[in-house]
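The block underneath contains the structure these notes are about, expressed in structure tokens.
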Amino acid sequence: MAFNSPIEKLKTSTLVKNGLKKLGLKTVADILFYFPFRYEEFLNVAKIKDLKLYKTFSVQGEIVEIANFRTPKKRIILTQALLKDETGSVKIIWFNQPYLSKTLNKGEKISIAGPLTLDEKGVYFLNPAFEKIKENQEPIHTKGLVPVYQETQGLSSKTIRRIIKNLLDQFKEKIPETLPLEILQRYQLPRLKDALKEIHFPKSLEKAELAKKRFQFENIFLLQLFLLRERLKLNQEKAAPIPINLEILKRFKTNLPFELTNAQKKASWQILKDLEKTKPMNRLLEGDVGSGKTVVATLAALSVIKAGFQVALMAPTEVLAKQHFQEISKLLENFNINIGLLTGKQDKFISKKLKRQAIEISREKLLEKTLAGEIDFLIGTHALIQDQVKFNKLALVILDEQHRFGIEQRAKLLKQARQRKGERMLPHLLSMSATPIPRTLALALYGDLDLSIIDELPKNRKKIETQLINPEEREKAYELIRKEIKKGRQAFIICPRIEDNKNSRVEMKAVKKEYEILSKKVFPDLKILMLHGKMKTTEKEKIMEDFKNRKADILITTSVIEVGIDVPNASVIAIEGAERFGLAQLHQLRGRVGRSQHQSFCLLFTEKQSQKTKNRLKALLESKNGFELAEKDLKLRGPGDFIGNRQWGLPDIAMAALENQKMVIEAKNLAKEILAKDPDLKKYPTLEIRLRKFQKTVHLE
């Protein structure tokens with residue numbers, strides 16, 4: 001069996017193999033790289049005469065007797081055994097495990113680990129871990145530092161330990177090293193074969209930590225190596241240079257009903273300078289909720305269009321794509337530009353003559369116009385990356401909420417490249433995100449992107465007043481909502497789920513139930529609408545349109561409105577079960593209000609009164625902006641929960657290391673150094689193989 005053999009080759013049951021597959025493990029190497037998340041410390045190895053009450057011990061001995069019996073009252077089956085060594089004997093009791101009387105036989109030598117207890121039954125070990133002692137083999141489940149793994153149905157930590165121990169014994173010297181020797185020596189890291197042994201079955205916590213450091217560094221290094229190689233590849237590509245047209249920029253600024261902030265001006269200039277180059281721009285525009293990223297992106301798009309090229313903007317939802325279509329059409333109405341909207345359901349077109357008046361157009365006609373170069377600016381959803389969508393002279397791709405698109409989707413859109421004089425021309429790429437990412441993470445995860453940050457809000461915006469609302473303060477909060485509506489404002493009420501879940505032990509506010517209560521009992525005199533993700537797109541759009549046009553006072557919804565809903569007249573957002581949302585998501589939701597000159601309010605309803613909940617939500621009250629909040633959220637939740645562990649596919653061990661800025665910088669510098677000498681990694685064949693495997697498992701969203 002080879003290091004990369006499929007798990008089908010393991011000599012084990014189908015149930016175990018299925019369990020390994022459920023954990024996402026497909027090869028022998030995958031199993032060996034499946035690391036424990038903690039260790040049971042069975043470090044007190046003792047003779048029976050030296051045992052002390054209420055402490056955990058590891059003891060080896062011979063079974064003198066073993067039998068099952070039932071308790072008289074509760075009729076629970078107990079398995080009782082007597083274990084002896086050369087210094088004495090001790091009783092063991094296991095609950096509800098009658099099979100043990102057949103598994104363990106009189107005269108057999110076993111190792112146990114667990115707490116020593118005293119009650120009316122006397123002194124005994126209660127439900128200890130156990131294993132049979134084999135000749136010339138150290139116990140792996142009951143002695144020393146015992147690894148504990150994430151389990152699944154049909155696959156316990158005990159089974160995983162046994163499989164990993166057998167594989168480590170089988171391969172020993174055959175495990176191929178992936179990091180060059182010079183790196184191991186420079187950073188004093190153990191070899192792969194030693195690190196694998198010490199992370200699964202460490203001799204000490206110090207050795208386990210050193211092994212962990214090796215794998216953390218390796219993963220961060222591979223991530224940086226991948227990102228920098230992508231950047232090198234991109235730098236070798238060609239893009240259409242877009243000259244800065246100062247006259248057009250002045251006209252655009254003059255037409256705006258507001259003044260650009262300094263942060264918007266700075267970000268715009270960085271983007272325009274990138275667009276001047278003959279290599280493709282690859283920039284991330286980060287801005288707090290309501291900071292005006294769309295205006296900056298539109299200004300860049302205008303420069304590209306006026307230079308004679310096309311622009312595409314891809315948004316994650318139809319609602320957001322439609323909103324961009326409306327907002328951008330308004331911003332560009334005096335610039336003689338054709339704008340198209342391409343979604344899964346509805347296609348629209350605004351011609352130069354019609355200005356802001358949109359007309360429905362067939363999909364075929366819209367695609368025809370795009371290919372002919374008649375559409376200057378095409379806005380859409382994932383529909384943009386369908387094979388039939390082809391551009392004539394695409395020079396800029398804008399991705400909104402870019403963390404919601406995988407690298408493959410981005411690559412597919414960038415492949416809408418054009419041929420010019422026999423050369424392949426890649427479009428420039430501008431990614432936008434309203435989810436602020438702390439600089440430590442941005443450095444680690446977006447090493448291939450240049451960063452522009454809009455960290456100030458428009459001047460006329462007032463700070464949103466955020467309040468924690470305890471259950472007894474609910475009526476007071478409802479009064480505030482009523483007061484705002486009397487002033488002509490509107491309110492959002494957010495619930496964690498759509499419907500009641502009778503099977504759930506956790507009580508959560510549901511949209512449908514809250515709609516019934518609020519419309520009939522609390523606000524019977526007000527017009528209330530309901531919105532959730534299970535509704536059809538057309539229904540959702542109509543409800544949002546009605547709410548925006550002030551045909552309702554309150555909108556009860558789920559977090560489906562988290563991104564991109566713009567209702568300037570809304571001045572209150574009340575969030576039920578606020579403790580169930582991440583801080584970044586709460587910040588996004590809060591950003592649905594405060595989008596005009598009116599004072600706005602964010603009411604956080606909490607059911608849990610724990611100090612931990614209060615401390616977490618308090619961060620939302622104290623933070624001045626999304627970037628500051630993101631730093632706090634990262635510290636409170638860790639990188640895995642903050643950016644979505646499963647979404648990225650990075651191993652847990654690498655996720656934990658993302659906060660270690662020193663390690664990230666060292667790994668990045670090392671990757672630069674190696675690629676400068678050997679961009680194709682020809683001198684490092686095992687590293688190249690490891691990097692290819694790493695790229696397949698990690699989704700760089």
Side-chain angles (χ1 to χ4, degrees), residues 3-4 29-30 32-33 35 174-196 198-199 209-237 279-284 407 410-411 426 429 439-451 639 648-701:
F3 195 59
N4 284 311
D30 290 343
L32 289 175
F33 279 88
F35 299 145
K174 295 178 192 170
I175 295 170
E177 181 54 68
T178 50
L179 289 178
L181 187 62
E182 64 201 74
I183 293 174
L184 298 177
Q185 288 171 345
R186 189 193 299 186
Y187 296 100
Q188 296 180 306
L189 301 171
R191 286 175 176 268
L192 180 56
K193 59 174 186 171
D194 300 323
L196 282 171
E198 290 297 344
I199 204 159
E209 277 303 309
L210 188 60
K212 188 178 169 186
K213 185 189 168 189
R214 183 233 145 92
F215 291 115
Q216 285 182 330
F217 186 85
E218 182 174 5
N219 276 284
I220 299 296
F221 170 61
L222 288 168
L223 178 62
Q224 297 310 311
L225 206 54
F226 169 73
L227 293 171
L228 289 169
R229 267 180 106 182
E230 288 301 300
R231 186 164 195 128
L232 283 173
K233 280 185 208 166
L234 197 66
N235 286 344
Q236 287 162 11
E237 296 281 359
K279 64 180 184 183
M281 171 176 74
N282 200 25
R283 189 167 282 277
L284 172 63
I407 204 162
R410 279 186 266 172
L426 264 191
L429 175 66
R439 286 187 179 276
T440 47
L441 281 185
L443 177 74
L445 299 170
Y446 298 122
D448 60 333
L449 292 167
D450 293 307
L451 200 59
W648 282 71
L650 273 174
D652 290 344
I653 208 158
M655 277 289 179
L658 289 176
E659 273 185 284
N660 186 340
Q661 194 159 9
K662 185 172 180 280
M663 186 181 279
V664 170
I665 290 167
E666 281 181 351
K668 192 168 193 168
N669 289 338
L670 178 66
K672 277 182 187 172
E673 188 185 310
I674 283 182
L675 290 173
K677 291 185 290 188
D678 186 5
D680 298 318
L681 300 178
K682 285 178 182 170
K683 293 177 190 169
Y684 306 101
T686 53
L687 181 60
E688 170 67 20
I689 292 164
R690 178 82 178 92
L691 183 61
R692 279 206 299 269
K693 185 167 175 59
F694 178 82
Q695 283 171 229
K696 284 177 188 172
T697 55
V698 176
H699 328 295
L700 297 166
E701 305 266 291

Could you measure the distance from the [atom1] atom of [X] to the [atom2] atom of [Y]? Nearest 0.5 Å is fine.
{"X": "Ile199", "Y": "Asp194", "atom1": "CD1", "atom2": "CG", "value": "13.0 Å"}
{"X": "Leu179", "Y": "Leu687", "atom1": "CG", "atom2": "CG", "value": "7.0 Å"}
{"X": "Leu227", "Y": "Leu232", "atom1": "CG", "atom2": "CG", "value": "11.5 Å"}
{"X": "Asn219", "Y": "Phe694", "atom1": "CG", "atom2": "CZ", "value": "5.5 Å"}
{"X": "Phe33", "Y": "Lys693", "atom1": "CZ", "atom2": "NZ", "value": "9.0 Å"}

- prompt: Hey, do the aromatic rings of Phe35 and Phe215 have their centres closer than 6.0 Å?
  reply: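 Ring centres of Phe215 and Phe35 closer than 6.0 Å.
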query: Salt bridge or not for Lys233 and Glu237, using N-O below 4.0 Å?
result: no
Taking every non-hydrogen atom, the tightest pair across Ile220 and Val664: CG2-CA, 3.9 Å
Would a 4.5 Å heavy-atom cut-off, applied to side chains only, mark [X] and [Y] as touching?
{"X": "Leu670", "Y": "Phe217", "answer": "yes"}
{"X": "Gln224", "Y": "Ile674", "answer": "no"}
{"X": "Leu189", "Y": "Gln216", "answer": "no"}
{"X": "Leu222", "Y": "Thr178", "answer": "no"}

query: Does a sphere of radius 6.0 Å around CD in Glu673 hold more than 12 heavy atoms from other residues, nucleotides or ligands, not counting ones at 6.0 Å or beyond?
result: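 Count over threshold, so yes.
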Over 12 foreign heavy atoms within 6.0 Å of CZ, Arg229: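 More than 12 heavy atoms, drawn from other residues, nucleotides or ligands, come within 6.0 Å of this atom.
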Side-chain polar contacts of residues 675-686 - donor-acceptor pairs under 3.5 angstrom, sequence neighbours left out - could you list them?
unit_1 : atom_1 : unit_2 : atom_2 : d
Asp678 : OD1    : Leu681 : N      : 3.1
Asp678 : OD1    : Lys682 : N      : 3.1
Asp678 : OD2    : Lys682 : N      : 2.9
Asp678 : OD2    : Lys683 : N      : 2.7
Thr686 : OG1    : Glu177 : O      : 3.2

For [X], all residues meeting side chain to side chain donor-acceptor pair (under 3.5 Å), sequence neighbours excluded:
{"X": "Arg283", "value": "Asp274, Ser452"}
{"X": "Arg692", "value": "Glu688"}
{"X": "Lys279", "value": "none"}
{"X": "Lys212", "value": "none"}

task: Give a yes or no answer on whether the side chain of Arg214 reaches the backbone of Pro190 with a donor-acceptor pair at less than 3.5 Å.
output: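 Here the side-chain-to-backbone pair exists.
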query: Listed by chain and number, what are the ring-ring contact (aromatic ring centres under 6.0 Å, His included) partners of Phe221, not counting sequence neighbours?
result: none
- request: Could you give me the CA-CA distance, side-chain angles and deciding distance for Glu666 and Lys662, then say whether salt bridge (Lys or Arg N to Asp or Glu O under 4.0 Å) is met?
  value: CA-CA 6 Å; Glu666 281 181 351; Lys662 185 172 180 280; 3.2 Å; yes
task: Quickly, which of Leu184, Ile175, Leu32 forms a side chain to side chain contact (heavy atoms under 4.5 Å, CB included) with Leu192? Name it, please.
output: Ile175
